[in-house]
**Q** 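Sharing a structure with you now.
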Amino acid sequence: MSHAPNLFFESVNQNFAKAAAYTGLPSGILDQIRAVNTVLRLRFPVRIGDDVEVIEAYRAQHSHHRMPTKGGIRYAMTVDQEEVMALAALMTYKCALVDVPFGGAKGGIKINPKKYSVDQLERITRRYTYELINHGMIGPGKDVPAPDYGTSSREMAWILDTYLSMNRGELDGIACVTGKPVTMNGIRGRDEATGRGVYYGVREMVSIEEDMKKLGLTVGIEDKRIVVQGLGNVGYHTARICQTEGNAKIIGIAEYEGSIFNPDGFDIEALAAHRKEHGTIMTFPGAQPLSNRMAALELDCDILIPAALENQITMENAPNIKAKIIAEAANGPITAEASAYLAEKGVWILPDMYINAGGVTVSYFEWLKNLSHVRFGRMTKRFEQNAYDNIVSAIEKYTNSKVSDRDRAILTKGPDEIDLVRSGLEETMITAYHAIRDQWMADPRIEDLRTAAFVVAIKKVGSDYAQLGIFP
Ligand code: NAD
């Protein structure tokens, strides 16, 4: 696995600098927007077996222009201070872009979670949470973590329990972390949110005829040939929804153990079930094994979706990439240099800060739900159902016709929480895509969607300082 965290931080800064020049903001404000405000560097002991292990961990809060700050926690051996800082910065821009009113943050623990038992992981997670509490770096109005690479709703449940046990009676305490299990004040649709957001964003991009003409692609997501790297939370849901709802063909998958190809497209749910049972994708029926783990990225396809880790597409493999569109479902999967090279070659890159913003968007919905202490739809579902029912009955009466039971059930359905979450996410991803595309089209100096996305985000963060009267 290529690992160059400094490269990642450098990439984020380079991308920022390129876009900053087009924002018209004063340099002092740009410096403040770019700066990582707070970094907590931790070393704490945890008992592992008969010994004690010193655990290395971080939490970075990039920007306090809006509070709380927000960002995932990752468990990976790549974690270091610069990686966490880069990811925290990306969170600020991501939140601004999709109008989620938070500053950016990110946390990380430098461990390989596969090497620890569930008990040990729980001990590490709870100790990390104590540290965050002691340093005032967690809380519903301060800093709100979420899952990221190597963590899931299970870790969020441990964080919630630790926080509540130390802050008994805090009215909004359950909003201290998002991505929680639904049964522990989580929200329906959070698990799939990042992948579903990737689907909505890609679908929107390929629906614009003028743009597809430029790329030499047909309009619409149906039958698009897609390759996905990483079949974890983000990659699995992205691939599954593109296949089942978009009727796209997932022709290649790259995972840790290797990569596979099937020109007719994989059944993603069956593939994931196979991996769960056999521990590998390589033996899936109908799969053609490729030479190595990275080979699928170079397949002839329409859309490439790296959804594993950063720095996966570098100048080493960028010349071999054949996709016309790359959707950065992972954070920082393409280095700045490779990104510029691919853009020059005419590849359209949907940047990470936009395309994987579905997770934080639905986390925001979860936080709102927690603060309001009521499930979305609870107060209105039945009311809306009755209102639609009355309309259908009136139409029947005045047209002297009968609506079938099936149609009536569809027409009169009041929204559940999951319906509202999905529609709020769809609206967010579509609106943000057009904001970025409009910015790109409006300014001929802007060379790609990533720079346009940074310009939109930096201007939004900058406008908060303007409201504070720091500059006119
Ligand atoms: P995850 O741990 O659920 O899944 C990652 C997957 O990538 C795993 O299946 C792993 O085996 C695979 N993988 C690891 N190294 C690989 C390699 N070299 N080649 C191919 N596959 C490899 O993590 P996730 O939550 O899906 O996160 C993936 C990426 O998406 C990260 O960059 C993360 O920061 C980003 N992201 C996640 C969320 C979220 O809501 N989980 C939101 C926004 C962005």
Side-chain angles (χ1 to χ4, degrees), residues 1-3 5 8 70-79 83-84 86-88 90-91 93-95 97-98 100 104 106-108 111-114 145-156 178-180 186-187 189-198 201 227-240 252-260 268 271-272 275-276 279-282 290 292-297 304-314 317 327-334 351-364 366 425 429:
M1 189 192 329
S2 76
H3 168 48
F8 182 29
K70 182 117 193 56
I73 296 177
R74 65 167 52 178
Y75 290 180
M77 288 308 289
T78 56
V79 166
E83 185 188 69
V84 171
L87 289 161
L90 270 183
M91 283 303 296
Y93 310 129
K94 190 179 296 185
C95 290
L97 199 57
V98 292
V100 165
K106 203 78 174 196
I111 53 168
N112 173 0
K114 292 195 184 99
D148 191 69
Y149 186 90
T151 58
S152 67
S153 56
R154 179 183 68 181
E155 284 73 19
M156 303 309 114
T178 60
K180 303 178 290 284
I187 195 166
R190 175 61 183 87
D191 264 4
E192 63 164 30
T194 307
R196 180 167 287 280
V198 174
V227 170
V228 178
Q229 182 195 34
L231 211 54
N233 173 291
V234 178
Y236 165 69
H237 288 295
T238 299
R240 175 182 65 81
I253 294 282
E255 246 301 339
Y256 197 73
E257 60 271 20
S259 57
I260 52 173
I268 297 301
L271 176 61
R275 186 169 193 246
K276 202 167 179 192
T280 176
I281 55 171
M282 303 309 288
L290 299 172
N292 62 63
R293 171 200 291 172
M294 297 298 281
L297 276 64
L304 172 60
I305 308 185
L309 276 181
E310 58 257 33
N311 299 331
Q312 296 301 297
I313 300 172
T314 64
N317 57 356
E328 293 185 321
N331 283 311
I334 313 179
D352 45 9
M353 58 188 286
Y354 160 66
I355 201 66
N356 69 31
V360 74
T361 302
V362 174
S363 273
Y364 169 47
E366 180 176 334
L425 175 60
M429 295 306 293

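Everything quoted here is computed from the prediction, not taken from an experiment. Order of listing sets the numbers, starting from 1, for every ligand and every atom in it. Along the sequence shown, the residues carry numbers beginning at 1.
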**Q** Does Asp352 reach the main-chain N or O of Gly332 with its side chain, forming a donor-acceptor pair under 3.5 Å?
**A**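 Indeed, once roles are kept as given, a pair shorter than 3.5 Å links the two residues.
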
**Q** Which one of Glu257, Glu255, Arg293 has a non-hydrogen atom at the shortest distance from atom 11 (O) of ligand 1?
**A**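 Of the listed residues, Glu255 has the closest heavy atom.
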
**Q** For Glu366 and Tyr364, indicate whether the former's side chain and the latter's backbone hold a donor-acceptor pair under 3.5 Å.
**A**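 Side chain of Glu366 to backbone of Tyr364, a donor-acceptor pair under 3.5 Å: no, none is there.
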
**Q** Do Ser363 and Arg190 pair up side chain to side chain, a donor and an acceptor below 3.5 Å, judged on atom types alone?
**A**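 Yes, a side-chain donor-acceptor pair sits under 3.5 Å.
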
**Q** Can you tell which of His237, Gln229, Glu328 gets a heavy atom nearest to atom 19 (N) of ligand 1?
**A**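 Looking at heavy atoms only, Gln229 sits closest to atom 19 (N) of ligand 1.
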
**Q** With a 4.0 Å cut-off on heavy atoms, does Arg190 reach ligand 1?
**A**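 Heavy atoms of Arg190 do come under 4.0 Å of ligand 1.
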
**Q** Please report whether ligand 1 has a polar contact with Gly150, defined as an N or O pair separated by less than 3.5 Å (distance criterion only).
**A**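 Among all N and O atoms of Gly150, at least one is under 3.5 Å from an N or O of ligand 1.
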
**Q** Report yes or no: is the cationic atom of Lys114 (NZ for Lys, CZ for Arg) under 6.0 Å from the centre of the six-membered ring of Tyr256, at an angle within 45° of the ring normal?
**A**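 Lys114 over Tyr256 ring: yes.
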
**Q** Find all atoms of ligand 1 within a distance of less than 4.0 Å from any non-hydrogen atom belonging to Arg74, and give their numbers and elements.
**A**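 Ligand 1 atoms under the 4.0 Å threshold to Arg74: 31 (C), 32 (O), 33 (C), 34 (O).
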
**Q** Heavy-atom pairs closer than 4.0 Å: do any link ligand 1 to the side chain of Ala254, the backbone, both, or neither?
**A**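 The answer is the backbone of Ala254.
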
**Q** Does some non-hydrogen atom of Met294 fall short of 4.0 Å from ligand 1?
**A**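 Judged by the 4.0 Å heavy-atom criterion, Met294 does not count as contacting ligand 1.
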
**Q** Taking Thr194 for the side chain and Gly359 for the main chain, is one N or O donor matched with an acceptor at less than 3.5 Å?
**A**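 Checked: pair present.
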
**Q** Is Asn356 in polar range of ligand 1, meaning some N or O pair under 3.5 Å apart?
**A**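 No, Asn356 has no N/O under 3.5 Å of an N/O on ligand 1.
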
**Q** For ligand 1, find out whether one of its N or O atoms is nearer than 3.5 Å to an N or O atom of Lys106.
**A**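 No; every N/O pair is 3.5 Å or more apart.
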
**Q** Under 4.0 Å from ligand 1, counting heavy atoms only, is it the side chain of Arg275, its backbone, both or neither?
**A**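 It is the side chain that gets close, since no backbone atom is under 4.0 Å.
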
**Q** Tell me the contacting part of Ala329 for ligand 1: side chain, backbone, both, or neither, using a 4.0 Å heavy-atom threshold, strictly below.
**A**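 Ala329 to ligand 1: backbone contact only, side chain stays beyond 4.0 Å.
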
**Q** How does Pro333 reach ligand 1, by side chain, by backbone, by both or by neither, if only non-hydrogen atoms under 4.0 Å count?
**A**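 No part of Pro333 comes within reach of ligand 1.
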
**Q** At under 4.0 Å between heavy atoms, which part of Thr194 makes contact with ligand 1: side chain, backbone, both or neither?
**A**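 Side chain only; the backbone of Thr194 stays clear of ligand 1.
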
**Q** Going by the order shown, which atoms of ligand 1 are within less than 4.0 Å of some heavy atom of Tyr256?
**A**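 Taking each heavy atom of Tyr256 in turn, ligand 1 has 11 (O), 14 (C), 15 (N), 16 (C), 20 (C), 21 (N), 22 (C) under 4.0 Å.
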
**Q** Backbone, side chain, both or neither: what part of Leu231 comes under 4.0 angstrom of ligand 1, heavy atoms only?
**A**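 The backbone, only.
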
**Q** Is the backbone N or O of Gln312 less than 3.5 Å from a side-chain atom of Asn317, with the two atoms forming a donor-acceptor pair by type?
**A**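 Answer holds: yes.
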
**Q** Find all atoms of ligand 1 within a distance of less than 4.0 Å from any non-hydrogen atom belonging to Asp148, and give their numbers and elements.
**A**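 Here the atoms of ligand 1 in question are 25 (O), 33 (C), 34 (O), 36 (N), 37 (C).
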
**Q** Any non-hydrogen side-chain atom of Ile281 less than 4.5 Å from a side-chain atom of Glu257?
**A**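 Counting from C-beta outward, Ile281 and Glu257 do come under 4.5 Å.
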
**Q** Keeping the roles fixed (side chain from Asp191, backbone from Asn233), state whether a donor-acceptor pair exists under 3.5 Å.
**A**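 The answer is no, because no donor-acceptor pair under 3.5 Å joins these two groups.
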
**Q** Could you check which of Ser363, Ala76, Ala308, Gly197 puts a non-hydrogen atom nearest to atom 31 (C) of ligand 1?
**A**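 It is Ala308 whose heavy atom sits nearest to atom 31 (C) of ligand 1.
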
**Q** Would a 4.5 Å heavy-atom cut-off, applied to side chains only, mark Ile313 and Gln229 as touching?
**A**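 No. Closest side-chain heavy atoms not under 4.5 Å.
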
**Q** Using heavy atoms and a threshold below 4.0 Å, how should the contact between Glu310 and ligand 1 be classified: side chain, backbone, both, or neither?
**A**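 Looking at Glu310 and ligand 1, no heavy atom falls under 4.0 Å.
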
**Q** Are any of the N/O atoms on Val234, whether in the backbone or the side chain, positioned under 3.5 angstrom from an N/O atom of ligand 1?
**A**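 Yes: some nitrogen or oxygen of Val234 is under 3.5 Å from one in ligand 1.
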
**Q** How close do Thr151 and Ile73 get, counting heavy atoms only, and between which atoms?
**A**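 Heavy atoms of Thr151 and Ile73 come nearest at OG1-O, 2.7 Å.
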
**Q** Please check if the side chain of Ser153 supplies one atom and the backbone of Lys180 the other of a donor-acceptor pair under 3.5 Å.
**A**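 Here the side-chain-to-backbone pair does not exist.
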
**Q** Taking the side chain as every heavy atom from C-beta outward, state whether Val362 and Arg196 have any pair of such atoms under 4.5 Å apart.
**A**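 Side-chain contact under 4.5 Å: no.
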
